[in-house]
Engineer: 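Below: one structure in structure tokens.
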Amino acid sequence: MKVMNCEQHGDIPMAYLDGYAIGDTLLEDVRFEITIVKDKVKATTHPDDKFYMADLNEKKWLKEAAKMADGYDNLQCPTCKGEVIMETR
Ligand SMILES: [Zn+2]
């Protein structure tokens, strides 16, 4: 089972992936909200970044974001901004 773990908050239901990880400077500072639904990684665009993503191929980037986040060890906790790792237990 996939879980996202923050050192400070334990297992959390949602973490951010910085767009830089998949789109370099094009997506720098764009936040994707990563969740796990039925053990599948899901990505949605943070509401604040929806306007920016509307000019890009959002569907494609969401797919990339979900792929990248799967097992990634550098997600961000929305509460403490600390590092979140995705792991399978
Ligand atoms: Zn945290």
Engineer: More than 12 heavy atoms of other residues, nucleotides or ligands under 6.0 Å from NZ of K63: is that the case?
Structural biologist: no
Engineer: Could you tell me whether R89 and D11 make a salt bridge, using a distance below 4.0 angstrom between a side-chain N and a carboxylate O?
Structural biologist: yes
Engineer: Answer yes or no: is there a donor N or O on one side and an acceptor on the other, between the side chain of N57 and the main chain of K60, under 3.5 Å?
Structural biologist: yes
Engineer: For the pair D70 and K2, find out whether any cationic side-chain nitrogen is under 4.0 Å from an anionic carboxylate oxygen.
Structural biologist: yes
Engineer: Measure across A69 and L75 and return the closest heavy-atom pair with its distance rounded to 0.1 Å.
Structural biologist: CB-CD2, 4.1 Å
Engineer: Kindly give the heavy-atom pair with the smallest separation between M4 and I34, and that separation in Å.
Structural biologist: CE-O, 3.2 Å
Engineer: Kindly give the heavy-atom pair with the smallest separation between M86 and G71, and that separation in Å.
Structural biologist: SD-N, 3.5 Å
Engineer: Would a 4.5 Å heavy-atom cut-off, applied to side chains only, mark I22 and W61 as touching?
Structural biologist: yes
Engineer: I need the minimum non-hydrogen distance between M68 and A21, along with the two atoms involved.
Structural biologist: CE-O, 3.3 Å
Engineer: With a sphere of 6.0 Å drawn around NZ of K67, does it hold more than 12 non-hydrogen atoms of other residues, nucleotides or ligands?
Structural biologist: no
Engineer: Any salt bridge linking D18 with R31? Criterion: basic side-chain nitrogen under 4.0 Å from a carboxylate oxygen.
Structural biologist: no
Engineer: Quick check against the 3.5 Å criterion: does D49 have a side-chain atom that pairs as donor or acceptor with the backbone of F32?
Structural biologist: no
Engineer: Considering all heavy atoms of both residues, which atom of V84 and which atom of Q76 are nearest to each other, and what is their separation?
Structural biologist: CG2-C, 3.8 Å
